[in-house]
Number of protein chains: 2
Amino acid sequence: MKLTSKGRYAVMALVDLARFDTINPVSLRDISLRQGISLDYLEQIFSKLKKNQIVKSTRGTQGGYVLSKKPNEIKLTNILNAVDEKVKTVQCKKESKKGCNGKATKCVTHNLWDELETHINTFFEKKSLQDLLKNNSERVN
Amino acid sequence: MKLTSKGRYAVMALVDLARFDTINPVSLRDISLRQGISLDYLEQIFSKLKKNQIVKSTRGTQGGYVLSKKPNEIKLTNILNAVDEKVKTVQCKKESKKGCNGKATKCVTHNLWDELETHINTFFEKKSLQDLLKNNSERVN
DNA sequence: TACATACCTGACTAAAATGGTCAAGTTTAG
DNA sequence: CTAAACTTGACCATTTTAGTCAGGTATGTA
Ligand code: FES
Ligand code: FES
């Protein structure tokens with residue numbers, strides 16, 4: 001399973017976006033400055049977020065990014081999947097009958113990792129951007 | 001957070017051990033063959049497991065490893081910690097007031113990752129080796 | 001129309017982590 | 001005394017990570 005700064009940055013940036021995109025699109029430069037993330041790296045990340053329809057972009061002066069859905073409709077799963085931070089705990093191909101070691105049968109730990117995967121995914125599916133906003137600004141609706 | 005083959009192998013090996021150590025100590029070579037894990041790599045892993053009092057060793061011919069506690073007393077947490085696969089999701093030092101980006105305040109995602117950490121640790125604390133045995137051999141007391 | 005701003009794309013890379021291997025022991029049952 | 005098995009530590013190829021860099025292209029505004 002992976003949880004690296006790419007995923008972390010993606011979430012941070014989107015929380016920032018959710019806070020500030022109410023009037024105008026938010027430029028990556030602003031996010032970069034506010035959150036302390038390299039601009040060039042942000043561009044890579046937002047390129048993926050855009051491909052996955054999590055954000056929309058406007059080019060040109062005064063351009064920037066806007067969320068393409070409401071914060072409560074964007075789940076953490078969506079974000080992490082978008083930037084390729086798939087939660088993958090089992091080693092083998094799940095569909096295959098074969099185990100991770102190439103043997104004919106699933107390994108002794110297969111069920112364990114599978115359970116864990118579900119456990120984590122459930123967590124990410126329940127959490128939305130909205131939850132993070134609430135959590136952090138103490139003031140919501 | 002990390003979950004790599006070192007942790008995976010550690011768990012596999014210990015399940016194997018739990019099954020076969022009832023009469024004699026089990027040699028790493030046997031585990032290596034049964035589970036398809038490199039012998040040299042297993043040695044690295046067992047060295048750590050021993051330092052953390054999860055297994056005991058007997059040297060010499062017919063030597064090998066034995067669990068140092070009962071399977072139901074060995075939690076997954078213990079195993080993964082022993083091989084340095086700490087579940088660490090927050091980026092910052094938890095005790096510090098500072099955030100992960102060096103700013104004076106915790107970042108907007110701090111609470112999220114902290115919750116996730118708890119969520120995963122709970123899972124690992126509930127699971128013991130015993131559970132895995134049950135799960136896999138269909139026959140237990 | 002110029003031009004600054006901001007998105008967009010792809011190649012490149014230093015450093016770290018991963019998943020081992022290799023060599024040279026020491027210990028002890030038989 | 002010797003073979004099996006643990007012990008230690010150095011070494012290494014490959015992959016991943018976390019970016020940087022160098023060029024674009026689009027567009028609102030002056
Ligand atoms: S993880 Fe699926 S068989 Fe080992
Ligand atoms: S993770 Fe703790 S401050 Fe960012």
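Throughout, a chain's letter reflects where its sequence line sits, starting with A, and its residues are numbered from 1.
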Practice problem: Please list, chain by chain and in numerical order, all residues satisfying salt bridge (Lys or Arg N to Asp or Glu O under 4.0 Å) with A:Asp30, sequence neighbours excluded. | Solution: none

Self-check item: Smallest separation among heavy atoms of B:Ala18 and B:Leu129, with atom names
Solution: CB-CD1, 4.4 Å

Could you state the atom-to-atom distance from [atom1] of [X] to [atom2] of [N] in whole Å?
X	N	atom1	atom2	result
A:Ile37	D:dT17	CD1	C1'	15 Å
A:Leu3	D:dT16	CG	P	17 Å
A:Leu42	C:dA6	CG	P	14 Å
A:Asn24	C:dT5	CG	P	16 Å
B:Tyr41	D:dA13	OH	P	17 Å
A:Ile45	D:dT17	CD1	P	13 Å
B:Lys6	D:dT15	NZ	C1'	16 Å
A:Lys48	C:dC7	NZ	P	18 Å

Quiz item: Is there side-chain contact between A:Val11 and A:Leu76, with heavy atoms separated by less than 4.5 Å?
Solution: yes

Quiz prompt | Test side-chain hydrogen bond (donor to acceptor under 3.5 Å, both in side chains) applied to A:Asp114 - qualifying residues, sequence neighbours left out | solution = A:Lys94

Quiz item: For A:Lys48, which residues count as a side-chain hydrogen bond (donor to acceptor under 3.5 Å, both in side chains) partner, sequence neighbours excluded?
Solution: A:Asp84

Self-check item: Residue pairs involving residues 53-82 of chain B (criterion side-chain hydrogen bond (donor to acceptor under 3.5 Å, both in side chains); sequence neighbours excluded)
Solution: B:Lys50-B:Ser57

Self-check item: Set of side-chain contact (heavy atoms from CB on, under 4.5 Å) partners for B:Tyr9, sequence neighbours left out
Solution: B:Ser5, B:Met12, B:Ile37, B:Tyr41, B:Ile45

Quiz item: Looking at residues at least two apart in the chain, or sitting in another chain, which of them share a side-chain contact (heavy atoms from CB on, under 4.5 Å) with A:Leu33?
Solution: A:Arg29

Quiz item: Just how large is the angle between the end axes of the helix from C:dT1-D:dA30 to C:dG30-D:dC1, five pairs per end, to 10 degrees?
Solution: 10°

Quiz prompt | Footprint string (nucleotides 2-10 of chain D, 5' to 3'): B base within contact, S backbone only, - free, heavy atoms under 4.0 Å | solution = -BBSBBB--

Name every donor-acceptor pair, under 3.5 Å, that has one atom in a side chain of residues 119-126 of chain B and the other anywhere in the protein, sequence neighbours excluded.
| residue | atom | partner | partner atom | Å |
| --- | --- | --- | --- | --- |
| B:Asn121 | ND2 | B:Glu117 | O | 3.3 |
| B:Thr122 | OG1 | B:Thr118 | O | 2.7 |

